[in-house]
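FYI, side chains are in, hydrogens and waters are out, and symmetry mates aren't considered; it's all heavy atoms of this structure.
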2 protein chains.
Amino acid sequence: MSIMKDQDLSTFTEALRRENLKLTPQRKKIFSTIAESDEHWEVDDLVYRFWESEDRISRATIYRTLDILVDYGFVRKVDFGEGRSRYEYAADKKYHDHMICEECGEIFEFTDENLRKHQERLCEIFDFTPSKHVVQIYGLCSECQAEPDAGK
Amino acid sequence: MSIMKDQDLSTFTEALRRENLKLTPQRKKIFSTIAESDEHWEVDDLVYRFWESEDRISRATIYRTLDILVDYGFVRKVDFGEGRSRYEYAADKKYHDHMICEECGEIFEFTDENLRKHQERLCEIFDFTPSKHVVQIYGLCSECQAEPDAGK
DNA sequence: ATTTAATTGAGATTGAATCTCAATTAATGA
DNA sequence: TCATTAATTGAGATTCAATCTCAATTAAAT
Ligand SMILES: [Mn+2]
Ligand SMILES: [Mn+2]
Ligand SMILES: [Zn+2]
Ligand SMILES: [Zn+2]
């Protein structure tokens with residue numbers, strides 16, 4: 001685990017203490033696994049990863065810990081309309097949006113400051129105080145346009 | 001039912017015939033109810049409305065009919081992260097996006113051509129062929145900023 | 001009127017997410 | 001180090017939206 005992520009872990013530890021929550025082995029393990037995970041993983045990715053390891057962690061605990069991590073801003077919850085949630089480690093990553101290929105499932109991240117500013121302006125017009133923006137573009141990625149079966 | 005919506009119904013009828021599907025009383029009733037419904041309704045809104053009427057329609061049939069209507073483009077399915085889907089009658093309404101107040105649940109629609117064009121440009125850059133865009137802004141509406149309990 | 005493939009509805013099933021509660025454990029401080 | 005206490009865990013039950021199954025019904029075409 002990198003220096004940066006060790007820092008994150010101690011930030012997590014402090015946040016827990018601040019709210020009188022305990023630093024349990026389960027929470028520690030979930031945190032460090034997440035910090036090393038691929039992007040946009042789902043709960044079962046964690047469940048099965050732990051399942052194969054020495055000490056399993058129950059679904060309930062995983063869900064509960066994720067809620068805390070989302071609250072604290074270490075993890076972002078994303079919904080690509082699959083009927084279940086995905087998550088991404090947020091601590092070392094700035095604002096971005098997603099393109100989702102409906103053929104191969106690949107997810108492309110992009111950042112567009114103009115897009116962001118447009119939205120801010122709209123909020124001003126509506127006198128709306130935003131807490132969260134969702135921008136998603138569904139369609140066919142470059143590969144899948146060429147060969148419709150590429151991703152299968 | 002307006003002239004416009006009668007036209008829609010016959011378009012629906014034709015679409016059904018084209019695919020060898022039958023025009024049943026249930027489908028007719030669902031269609032006309034939808035065409036008169038408020039925006040962003042959910043399945044249970046329909047279920048209960050039919051429940052109180054003469055002839056009830058089963059959940060399964062409602063879901064199946066909605067799938068067809070979404071396929072044909074008469075209805076748009078929207079997800080505001082509530083754990084269930086909402087729908088809106090699409091036939092007489094052009095492109096728009098949504099602001100969702102997290103306090104009172106109100107949904108505001110807006111249309112911004114620049115935003116749309118920005119997204120188109122991004123798709124070109126990524127060589128991505130879009131089929132669907134989702135833009136949602138969650139936060140506090142004007143009313144709810146002033147009085148946090150306004151919507152309760 | 002007959003034929004046939006599509007449709008319906010009741011109820012079972014799935015799958016994600018949440019809840020319950022008894023047993024366990026981290027944290028605090030004497 | 002040990003006792004106290006409130007937080008945590010895990011197994012399994014529960015919830016809820018959505019989908020599936022299948023026998024009975026029905027729209028539509030001839
Ligand atoms: Mn991402
Ligand atoms: Mn709308
Ligand atoms: Zn693709
Ligand atoms: Zn509001």
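- In the set D/dG10, C/dA26, C/dA5, the nucleotide with an atom closest to the side chain of A/T61 is D/dG10.
- Contact check, B/Y63 against D/dT19: no side-chain N or O comes under 4.0 Å of OP1 or OP2.
- Counting any heavy atom pair closer than 4.0 Å across all strands shown, A/R64 reaches a base atom.
- The separation between A/R59 atom CZ and C/dT20 atom C1' is 18 Å, rounded to whole Å.
- Side-chain contact annotation: A/S58 with A/T61, donor-acceptor N/O pair under 3.5 Å present.
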Apply salt bridge (Lys or Arg N to Asp or Glu O under 4.0 Å) to the pair B/D44 and B/R59, showing each step before the final yes or no. CA-CA 9 Å; B/D44 273 2; B/R59 258 198 165 55; 2.3 Å; yes
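- Atom pair A/I62:CD1 and C/dT18:P shows a separation of 13 Å (rounding to whole Å applied).
- Listed pair B/Q26 / D/dT26 fails the phosphate criterion, with no side-chain N or O lying under 4.0 Å from OP1 or OP2.
- In this structure, A/R56 and B/K77 both approach DNA chain D, and ranking their closest nucleotides by distance from the 5' end singles out A/R56.
- In this structure, of C/dA6, D/dA18, D/dG10, it is D/dA18 that holds the atom nearest to the side chain of B/V43.
- At most 12 non-hydrogen atoms from other residues, nucleotides or ligands lie less than 6.0 angstrom from CZ of A/R17.
- Remark: the A/K29 side chain and the A/S53 side chain contain an N/O donor-acceptor pair separated by less than 3.5 Å.
- Atom CD in B/E82 sits about 10 Å away from atom P in D/dA18, given to the nearest Å.
- Rounded to an integer number of Å, the gap from CG of A/L21 to C1' of D/dT9 is 14 Å.
- Of all heavy-atom pairs spanning B/V78 and B/H40, the tightest one is CG2-CD2, 4.4 Å.
- D/dT9 atom P lies 13 Å from atom NZ of A/K28, rounded to whole Å.
- For B/T24, whose side chain is taken as the heavy atoms from C-beta onward, the closest listed nucleotide among C/dT8, C/dG9, C/dA17 is C/dT8.
- The nucleotide whose nearest atom lies closest to any side-chain atom of A/I57 is, among C/dT7, C/dA10, D/dG10, D/dG10.
- Distance, B/D67 CG to C/dT7 P: 13 Å, rounded to whole Å.
- Using a 4.0 Å cut-off, some side-chain N or O of A/R27 falls inside it from OP1 or OP2 of D/dT8.
- Atom pair A/R84:CZ and C/dT14:C1' shows a separation of 13 Å (rounding to whole Å applied).
- Between the CG atom of B/N20 and the C1' atom of C/dT3 there is a distance of 15 Å, rounded to whole Å.
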